[in-house]
Number of protein chains: 2
Amino acid sequence: MTKTPAESQQPARAATIYEVARLAGVSHQTVSRYMADRSKLRAATSEKVERAMAELKYSPNLTARSLRTKATYRLLALVPGASPYFPSRMLNGAAATAQAAGYQLDVVALEGTGPERTARLRRILDGGPFAGALSFVPISSTDLLQAQERIPVVVAGEYDDKMRGQGRISDGSAAQTIVAHLAGLGHRRIAHIAGPQEWPAARNRLAVYRQAVGHAGIEDGGVADADWSSASGYTAARALMADTSITAIFAANDQLAIGAMRALHDLGLNVPADVSVVGWDDHPESAFLVPSLTTVQMDLEAQGSSTMHQLLAALTPGAPVPPEPGPTAMRLVLRESSGPAPSGRRQTRLNP
Amino acid sequence: MTKTPAESQQPARAATIYEVARLAGVSHQTVSRYMADRSKLRAATSEKVERAMAELKYSPNLTARSLRTKATYRLLALVPGASPYFPSRMLNGAAATAQAAGYQLDVVALEGTGPERTARLRRILDGGPFAGALSFVPISSTDLLQAQERIPVVVAGEYDDKMRGQGRISDGSAAQTIVAHLAGLGHRRIAHIAGPQEWPAARNRLAVYRQAVGHAGIEDGGVADADWSSASGYTAARALMADTSITAIFAANDQLAIGAMRALHDLGLNVPADVSVVGWDDHPESAFLVPSLTTVQMDLEAQGSSTMHQLLAALTPGAPVPPEPGPTAMRLVLRESSGPAPSGRRQTRLNP
DNA sequence: CTTCGTATTGTTATCGATCACATACTTATA
DNA sequence: TATAAGTATGTGATCGATAACAATACGAAG
């Protein structure tokens, strides 16, 4: 073939409402009305339009519509640029929901820090014709307020944050179950490896952990700060293990737990005989680790979808909001990495 | 505050070229020309326009521009919907490159199979005003051809596929290094766990593996088919281990390798003493597994970026193409999971 | 049989940019 | 200095849709 794809695009030129109108023998406005609300047309007219549309394979030019209505039907998803610890399943859930509501989701990586990041955010929002934004990365409150002046912005997890503040069921609530599980196994002093506190999910899990420890009547052996990476989990676990009375570690995600398990291994400690480890997120690989990882199974798609529903609700103040899914399904999955607390006092066997 | 974000948007209404023109004392067309190519204006005029734009904080309405020019500056990224085995780092790389070239990247999940999927693809391309598409999921050649009629479509990995066919350096070439590595450790009979063959990357790795085994003068103990998941890696490894003379497994990605290692563990086999395992992709967690995983480090961002460059090149036939990055950096990372071949013949120790 | 109200449809303006062409203004050349 | 050629700018049309308003058709009430 001699034609490039770009050239052969010509014959496929999309039909306009005018062509549809001519073929149907009505005015273009009638066609427009058909699309807005076909029930306002007489059945016979409606059918004529329908037939013409089908014949011409008509699909509306969204650009033209946007120009006229000023509604863009484009949403912005902000994702972490560098970090590979972002669950793309959440993005998929959000994108699917957006699509179902007739919106397109543009994904943009928000990188950098401080003022540079603020400037970048501003530039994206100023230039782009977005109706709203959904951020999977933490945004400082000043940046958020500034952005909110232009379009609705929803930050993933912040709603859960609020729910927890109100004592309602939130994303972090499974932390309660974890602590109870460990207490039930006889652990009297446990520790937490926390994610970066800018992230609502990390705050949430930590807060519920603290609360639950008190509630279960066991001791908090300390909280180690980490980012979401296995490397930081490794470092954190080594530090925590200085306290030899800690018999269980609850990590804020599976990657941290993997790093922690490796640290315990390097310290000559056995999981779960010496120390139990619990993760969070239930990565598909976690079931196949040695030992397999006790963790919290999350419906991340549903979480993404739920966050998107929040944004959609903010977008259309009056309109009927699609049903928001119930509280995200969470389930503690018991595997090999958690077990009964050791009876005797622990001693580091290998190099510390 | 009583105003909703939507309402307070009002005062921020963007200026148009007409307002800029009036303020600058020129015609709207002059302003338009300024944006297209300011060098065609007289210095004095250019400056007037510039000043007016700055004062009004003018930014062009991309929607209106698109309507007129038919150029959309929006690209489509197709990602697997259900599968969590998609490296989002590739997407990030692609998105960044698109952005740098002035394009927005819309992410859409392509799910389903067969005709349903074809229909979905068609609907996305028909409705959406996309200038081009980049697919991270395999697309059947008929679907691809059909899509190509409308806009340029690039499928990630297929270019590498072609390069391999030409005997040039491709994504799969590290498989050669892996096989050589294992042969060097004394392994005489090894096996491969292959990814789904619709995926170019899986085809690539398998093809180079087959070739390299012959080249290294060792035996191919067989190829087990799998999807990308740890679960399928587990099943595949158990099946392969029926052949007791296989002493090393090369898995097409890290998740498969994790599943394989678990299967070996359940069979009472030690890694690497009894069987060596090598993965691919170097997930950040792989260094922290027990045993840590020998794998291939990939610059996935660069791969995503490179694929995007291909698309950009297809988009602008004549225009100067931004420099395509060199062959993607790949490096075999040696860790604990691979070691010398065992001397004696292996026997399954535990339940088979 | 008129009159009126409502349901349906048509006509024209509009969104904010670019394109095509006309015109005014420079500059170079004879 | 006159004229041609080239450069810079302005005017009106156009992209494909929706909005606002006008006009018509139809049926019920007077």
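Computed from heavy atoms alone, side chains included, the values below leave out hydrogens, waters and symmetry copies. To find a chain, count down the sequence lines: A is the first, B the second, and so on, and within it residues start at 1.
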*At under 4.0 Å, does any side-chain N or O of A:Thr16 touch on OP1 or OP2 of D:dC15?*
no
*Reckon B:Thr45 touches a base, only the sugar-phosphate, or nothing at all at heavy-atom distances under 4.0 Å?*
sugar-phosphate
*Can you tell me the distance, in whole Å, between the CG atom of A:Leu62 and the P atom of D:dC15?*
19 Å
*Sub-4.5 Å side-chain heavy-atom contact between A:Thr63 and B:Lys70*: no
*Rounded to the nearest angstrom, tell me the gap between atom CD in A:Gln29 and atom P in D:dG16.*
17 Å
*Looking at side-chain heavy atoms only, is the closest gap between B:Val155 and B:Leu144 below 4.5 Å?*
yes
*Return the value, rounded to whole Å, for the distance between atom OH of B:Tyr18 and atom C1' of D:dA13.*
10 Å
_Checking B:Glu50 against B:Tyr34 for the side-chain hydrogen bond (donor to acceptor under 3.5 Å, both in side chains) test, could you report, in this order, the C-alpha distance in whole Å, the side-chain angles of both residues, the deciding distance, and whether it holds?_
CA-CA 8 Å; B:Glu50 201 153 346; B:Tyr34 172 88; 3.3 Å; yes
*Working to the nearest 0.5 Å, report the span between CG of A:Asp299 and CE of A:Met90.*
11.0 Å
*Where the side chain of A:Leu67 is concerned, which of D:dG16, C:dA20, C:dG10 is the nearest nucleotide?*
D:dG16
*A:Leu41 CG to D:dA25 P: how many Å, rounded?*
18 Å
_Nearest-angstrom distance from the residue atom CD of B:Glu19 to P of C:dC15_ = 10 Å
*Among B:Glu301, B:Gln303, B:His309, which residue meets the side-chain contact (heavy atoms from CB on, under 4.5 Å) test with B:Ser305?*
B:His309
_Below 4.0 Å: OP1/OP2 of D:dG16 and any side-chain N or O of B:Lys70_ = yes
*Would you say B:Glu55's side chain and B:Ala52's backbone share a donor-acceptor pair under 3.5 angstrom?*
no
*How many Å lie between CG on A:Asn61 and C1' on D:dT14, as a whole number?*
13 Å
*Side-chain N or O of B:Arg65 less than 4.0 angstrom from OP1 or OP2 on C:dT18?*
yes
*Could you tell me whether the phosphate oxygens of D:dG10, OP1 or OP2, come under 4.0 Å of any side-chain nitrogen or oxygen in B:Thr30?*
yes
*asked:* Can you work out whether B:Ser27 or B:Ala64 has the more 5'-proximal nearest nucleotide on DNA chain D?
replied: B:Ser27
*Can you find a donor-acceptor N/O pair under 3.5 angstrom joining the side chain of A:His28 to the base of C:dT12?*
yes
*Any donor-acceptor pair under 3.5 Å between the side chain of A:Arg68 and the base of C:dT14?*
yes
_Pair A:Leu105, A:Gln99 - check side chain to side chain contact (heavy atoms under 4.5 Å, CB included), show working._
CA-CA 8 Å; A:Leu105 192 62; A:Gln99 207 112 48; over 6 Å; no
*asked:* Just the rounded figure in Å: distance from C1' of C:dT18 to NZ of B:Lys40.
replied: 15 Å
*Sorted by number, the residues of residues 31-38 of chain B with heavy-atom contact under 4.0 Å to DNA chain C*: B:Ser32, B:Met35
*Distance test, side-chain N/O of A:Tyr58 to OP1/OP2 of D:dA17, below 4.0 Å*: yes
